[in-house]
Each structure stands twice: as C-alpha cells, then as structure tokens.
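This is the structure, below, for whatever I ask next.
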Amino acid sequence: MPARCDEIAYIIEFALEWEHTLVLPYTIYRLITGDIGMGLKPDHWIRTMAQEHGMIEPFVDEQVRNGVISYGLSSYGYDIRIADEFKIFTNVFNSIVDPKNFDPRSMIDFKGEVCVIPPNSFVLGKTVEYFRIPRNVLAVCLGKSTYARCFRGDTRVALVDGTSPTLEDMARRFEDGDLFWGYSIGRHGRIIVTMLDAPRFIGRDSLLEIKLDHEEIIHCTPDHKFIMRDGRMKEAHELRPDDSLMPLYRQLARGYEMIYQPINGHLYPTHRLADEWNLRNGIYDDEPDTHRHHVDFNRLNNNPWNLVRMDAIEHIKLHNQETFGDEFDPDEHSQSIREALQRLAEDPAWRARYSEAQSERAISFWHDDEYAEKRAQLIQQRLESWTEERRAQQSEVLKRHFADPANREKHGEIIKAIWARDDGTRREKQREIARRMNIREEITAEVVREALDKAGSIRGAARLLNCDRAVFRRFPEVMAEFRGIRTNYKYNNNHKILSIKELPGNHDVFCLTVPEAGNFALESGVFVKNCGLIVNTTPFEPAWEGYVTLEISNTTPLPAKIYANEGIAQVLFFEGDAPPDISYADKKGKYQGQQSIVLPKI
C-alpha cells in the first residue's frame, strides 16, 4: 500500500533525531526504487507545480551548465543553487556543537562568490530558491554528485577483510551499524589502511563506462577523480586510452595478504598496515617483544579490530596449542626423537639401510601422485612457519658466519676440495643443468612467480616445478621482487585505460567518505577520490515554505570550495496517496517561512 506523507516524514524525522543523517540517503533510495511506497514526481509535474502554484521561485525550466555546476529542472528532481551568504564554523572558542544550544560565536558570517570550507569543518548556507511544498507532498534534499563524485551502486570496494561488497550493499550495511576498512594512498604516497565512512546513496546522474586493461569495468560520474600512476589527479572525462592509474596489487605469501607499495616497489603485509591504524588511533601501544595476532585466526581478515598485540612467547604458545593441543610438549617430543636416532645410528648397517630408505621415500614423496595432498599440506606448513622474522634471523646468522674471515677461508677450502675430487661427473652435471635452464621454455616468469608464492622459498619452488634452482636465473626481476628488492620490473597489467564511453540516461549513484586520506581503492585495483563534501539530507515537510538552510560538511583534510549561485543539491518530490492529518503549517513549525540562514533551535 502506498505510504502517506506523514508516515514517510516520521521515518526521516526519526533518523534525524538519532543523528543518522548520513544514512538517510539509503532510505531515499528505497523510496525511489519502490521499497517504500510513494511516487517520485517527474519533470513535467515539477514544472506545472512551479509555474502554476509557485512551488519553486525563481524557477529555471532546464538544466543550466555553461561552465557552472548545473542547476535547474532535471528528469526527476530540481537542482537548487546556494546563495552568496554563509556562516562558517570555527572552533576558536573550543565550543561543543550542541544542536539544542548552538553557540552563535562559533559561526563567522561571510558573503562572497566562493566560500572555502576549512578541513573537517562545515558551513551553513541558504538556497537561492524559495519553496512552497504542497500539503500532500514530501520533498527531500540530497547532495549533488558534482560535489560528491559517485559510482554506480554495483561498484565493488576493496576491503582489508578480504571481501569486496558493492557500494549499495555497504550503504545498507552501514545503516545497520557495520563499519568498513579499506586501502588508501596516504599523505606521503604510501598505501595505508583507513576507515571508509558513510557509504550512501547520492542521487541520479549521468555515467561514464571506463574499461581497464585487465577487463575490469568502472561506472562513475564524469567528474569523479582518479589517482594517476604518477600521483596526479584526473577527472574521469579527462582520462584517455593508455593512461596509467595508481594500482592496488595484492597477493598471498605464507598465508598472509601482501600489498605492493608503489612508492618503493616492496611487498608489505596488510596486517601490519592494519596494526599501524590501531597505533595511529591509540587502540594499543607499540610494545617491544610483541607479535601481531589475528583474533579469529583468519590471516586474511585484516580489519583493525581483528588484530591485537601479544607477548611474542605467548603468541607462539597459543598457535602451538591451537595446532597440537594441550598435551603436546614439542621440546620433549623433539628430544626423544633425537635420542632414539642417536642410539640406532651407532649401528653402521642400520645407518646405511636408513639412509637408503629415506632417499627412496623422499623421491617417492616428491614425485608420486598419491602424496600430492600431503605435499600441499607440507608446503602450506612451511609457508606458515617461514615468517619474515625467521627469514631475518636466518639472514643475520649467515651474515655473522661469513663476516669471519676464518669461516670464509674454510668454506673456500671445502669448495676447492670438492672440485679437486671431481672425476668429471660434477662438471658434466653442471653443464647439463645449464642446458636444462635454457631448454625449459615452459617455465615462464608467471610460472616462477606462482611457484614462489605457493612454496614460500626458492628451494620449495624448484621442487614444485621439478627443476634446478639455476632455472630461476633467467628471471632476475621476479627473484628480486620475491626477495623484496626494488627493481624496474613492471607488472603485466599496469591498470591502464582501454576505453571510455558515455552511458545513456541517468543512473542511481553511491559514494562514501574517507576522512583520513580522501581516497580509497576499488576492487578493480585502482585508487579514486572519495566524496569530500556532504550536503546533509534535509526533508521539506508537507505545507512547509521558506528558503532552505543547508549544512555542507568538508570531511577531507584539505580546504574545499563551494560556489555561490551554482548548483549545490538536488530536491526530489514524493506525492502521497492522501494528505496528512496535520501538516507542518498546521503545527506552526519554528522554521516556517524562514528568510535567512537559521541556526538550530528548540
């Protein structure tokens, strides 16, 4: 059954009372799509009501562009302008923003064609247009996508928990209380973890279809800004084929997600970035001798709330207990095995049989299909055990060993002795390895990279590919990247633009806000600017009239401009099946007939 105006007004008033102004647009989206019954009015209805009943004065019967942010009549709404009078919020008196007792000293009056909103602040303004809302109509004011910069609702966002929900799904979940963390380019060009705030429905707008070189497609408004590979910003309509965008590269190593840092070419664990978010926000301190622990034991869930710092020894004990159980004593078990083998090894015949049997088992294990599953499990265990800390420790041991001239000399003598005893077999084997290295054409850079990621070590990758490690010498860039060394190696897909085209008609568009960085990563693997300016959703109740007081928030860390006498927001009109029992005029509402910017009042 279609909803009455007063029922819809109650929904909006309830959300406003509980400070849900940022999630209201999703309710409006439900209105437009018919989830909440109430008819969205088209351009010809708006034109009639404005020209014959004075619903909008002054009224512009078309979309005015001509180098300005558009305003005037649209297909299903009216784009309003903001006048040149503003009240800019400043916190010079350390005031608390109290909607029940707003301190006028916190606002600075300003009149001009361009208003600059300070970072993380807001301004109040009034519309150029005067509205007279009919008794059976509810109007809702939404921010324009020109300021919001938006994407189609099915656009997927890359999140650090390993998922990639659509913007429309995020808007619904945010309304239910969910929080989201994603990837952003930080102030100094480094990828960081940030909170993605207030995903929401913005309105309807024209869209471009941008196709990338790895077949991903992005639908966005023409003015949405993309971060280029060199760090510059470009609006979507300015992009051209072969333009390179700032990439988000992710891969798995030893069970952990690693991201490619474009500023230095190194791979870096995502869970460490999430740990940095916790440190920046004072969740816990950077204590020495601690490990980062995933609370749910899921190494791909890198939401900051899923990471804690644990004492290093306790962390190891926890994972041993999780793996082996309460009764297992790894030290006692290892000692028992060593003592048993030492006793048996005293018999030369047993030692020979044991060596031969072990050799046969090893060959069978690494080549027979029946052990494929066990091999995969062993490789995974090695990946999980060979941590960055362990790799660093091993490197330090080797460095200390060969730093001693005596050890280097001893090692050299051993190598000389080995070659001196060679009867030609060893040299022939080395020549055969060299021939195999050049012949194994089926082993490509991509194959090597995949094997290294799966095995977690060069030796393990060679076993997986059944080749000598010398084969890898053909791929110095891949080996250097695996070791975390910066090179000029270029990925196959550098997220370049393949094509751009306009889509016909207007479409529902969504966006979100990233207060810490002002940008975020899409699942398609590119970084884009977020919605910096937010025009808080404002309902125009049945029979209300006056100039609209608008609140425009700047959620970015940089100053932002708004332009007087140009488009600022879009008004949508919904007609109920019957007038309400009591309209805003009947209630003699305190904002009825307002002529200027009005501060909140009780």
Side-chain angles (χ1 to χ4, degrees), residues 190 251 253-256 258 260-261 263-269 271-272 275-276 286-292 309-317 319-320 330-331 334-335 337-338 341-342 345 362 378-379 381-422 426-427 429-431 433-434 437 448-449 451-465 467-489:
R190 182 172 174 269
Q251 62 184 50
R254 297 174 294 280
Y256 294 95
M258 310 286 285
Y260 171 81
Q261 286 287 6
I263 194 171
N264 59 18
H266 292 183
L267 292 169
Y268 196 80
H271 70 277
R272 288 180 175 246
D275 174 71
E276 292 173 10
D286 187 9
E287 297 287 348
D289 301 321
T290 57
H291 284 181
R292 302 158 186 86
R309 286 290 188 100
M310 289 186 64
D311 176 78
I313 295 176
E314 293 302 319
H315 185 236
I316 294 171
K317 288 182 179 178
H319 279 278
N320 284 342
D331 295 333
S334 298
Q335 183 62 30
I337 292 175
R338 283 195 296 269
L341 289 174
Q342 287 172 358
L378 183 63
I379 290 169
Q381 290 175 5
R382 180 173 179 80
L383 285 171
E384 294 174 355
S385 65
W386 196 251
T387 63
E388 292 294 333
E389 291 82 0
R390 184 181 173 191
R391 191 182 298 277
Q393 291 172 358
Q394 185 67 19
S395 176
E396 288 300 320
V397 169
L398 292 174
K399 287 178 182 178
R400 288 196 300 269
H401 178 79
F402 285 104
D404 186 344
N407 289 336
R408 291 200 301 272
E409 183 178 354
K410 181 179 179 181
H411 183 74
E413 292 299 327
I414 293 173
I415 297 299
K416 289 178 183 178
I418 291 173
W419 283 107
R421 295 193 301 268
D422 180 40
R426 183 180 179 86
R427 287 179 172 82
K429 184 177 180 180
Q430 292 298 314
R431 281 193 290 269
I433 289 173
M437 184 174 70
V448 172
R449 176 76 254 190
L452 288 169
D453 289 340
K454 286 182 178 179
S457 69
I458 296 172
R459 188 186 299 272
R463 287 190 182 127
L464 277 178
L465 298 177
C467 70
D468 191 271
R469 283 174 285 167
V471 174
F472 298 159
R473 296 174 189 166
R474 287 166 39 199
F475 312 104
E477 296 91 351
V478 174
M479 302 308 296
E481 181 197 350
F482 177 73
R483 294 186 176 106
I485 302 172
R486 185 176 182 180
T487 69
N488 292 324
Y489 174 68

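Side-chain atoms are counted along with the backbone in the values below, which use heavy atoms only and exclude waters and symmetry mates.
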Flag if over 12 foreign heavy atoms under 6.0 Å of CG, L398:
yes
Rounded to the nearest 0.5 Å, how far does NZ of K416 lie from CD1 of I418?
13.0 Å
Could you pull out all residues at least two apart from D404 that satisfy side chain to side chain donor-acceptor pair (under 3.5 Å)?
none
Rounded distance [0.5 Å steps], CG in D275 versus CG in D286:
7.0 Å
Whether the side chain of R309 engages the backbone of H291 through a donor-acceptor N/O pair (distance < 3.5 Å, no angle test) should be reported.
no
Taking atom CD of E409 as the centre, does the number of heavy atoms from other residues, nucleotides or ligands within less than 6.0 Å exceed 12?
no
By salt bridge (charged side-chain N to carboxylate O under 4.0 Å, His left out) - contacts of D422 (at least two apart):
R427
Kindly compute the distance separating OH (Y268) from CD (E276), expressed to the nearest 0.5 Å.
4.5 Å
When rounded to the nearest 0.5 Å, the distance separating CG of L465 from CZ of F472 is 5.0 Å
I'd like to check the side chain to side chain donor-acceptor pair (under 3.5 Å) partners of E314; sequence neighbours left out, ordered by chain and number.
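With sequence neighbours excluded, E314 shows a side chain to side chain donor-acceptor pair (under 3.5 Å) to no residue whatsoever.
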One pair to check against side-chain contact (heavy atoms from CB on, under 4.5 Å): Q251 and R449. What are the steps and the verdict?
CA-CA 11 Å; Q251 62 184 50; R449 176 76 254 190; 3.3 Å; yes
Between F402 and R408, what is the shortest heavy-atom contact and its length?
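Looking at all heavy atoms of both residues, the closest pair is O-NH1, 2.6 Å.
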What one should report as the nearest heavy-atom pair of M258 and A253 is CG-CB, 3.7 Å
Roughly how far apart are K410 NZ and H401 NE2, rounded to 0.5 Å?
7.5 Å
